[in-house]
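Worksheet: one structure, shown below.
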Amino acid sequence: MSESAPESGSPAPESDPAAPAPLAVPRTPTGDAGVDAGLAHLAAADHLPTEGHLGVYEDVHRGLRDALDALDARPDPPAPAPR
């Protein structure tokens with residue numbers, strides 16, 4: 001049997017409108033490893049049914065929020081010494 005022939009009784013993945021399908025949304029690298037990893041994690045939603053997307057989006061949102069919080073937590077540069 002050829003690999004492209006679907007098993008009897010089950011629809012081919014291409015013909016199942018409810019099957020997960022990649023959105024092919026381009027992700028441009030930001031240069032920040034943590035942010036880029038979070039954005040790359042969005043690709044996981046391409047392989048999940050719609051009800052699984054929320055968990056991925058929440059996870060990425062949490063990571064991006066943590067990255068922003070880390071920027072706020074950086075110490076201020078030292079003040080110049082008085083002359």
Starting from Leu68 and following side-chain heavy-atom contacts under 4.5 Å between hydrophobic residues (I, L, V, M, F, W, Y), which residues can be reached?
Leu71
Heavy-atom closest pair (Asp46 atom, Arg27 atom, distance to 0.1 Å) is OD2-NH2, 4.0 Å
Please report the closest heavy-atom contact between Gly31 and Asp36, naming both atoms and the distance.
N-OD2, 3.2 Å
Find the distance between CG (Leu39) and OG1 (Thr28) and round it off to the nearest 0.5 Å.
9.0 Å
Looking at residues at least two apart in the chain, or sitting in another chain, which of them share a side chain to side chain contact (heavy atoms under 4.5 Å, CB included) with Leu54?
Glu58
Please report the closest heavy-atom contact between Val56 and Leu42, naming both atoms and the distance.
CG1-CA, 4.2 Å
Using the test salt bridge (Lys or Arg N to Asp or Glu O under 4.0 Å), find all partners of Asp59 that sit at least two apart in sequence or belong to another chain.
Arg62
Heavy-atom closest pair, residues Val35 and Ala67
CG2-CB, 4.1 Å
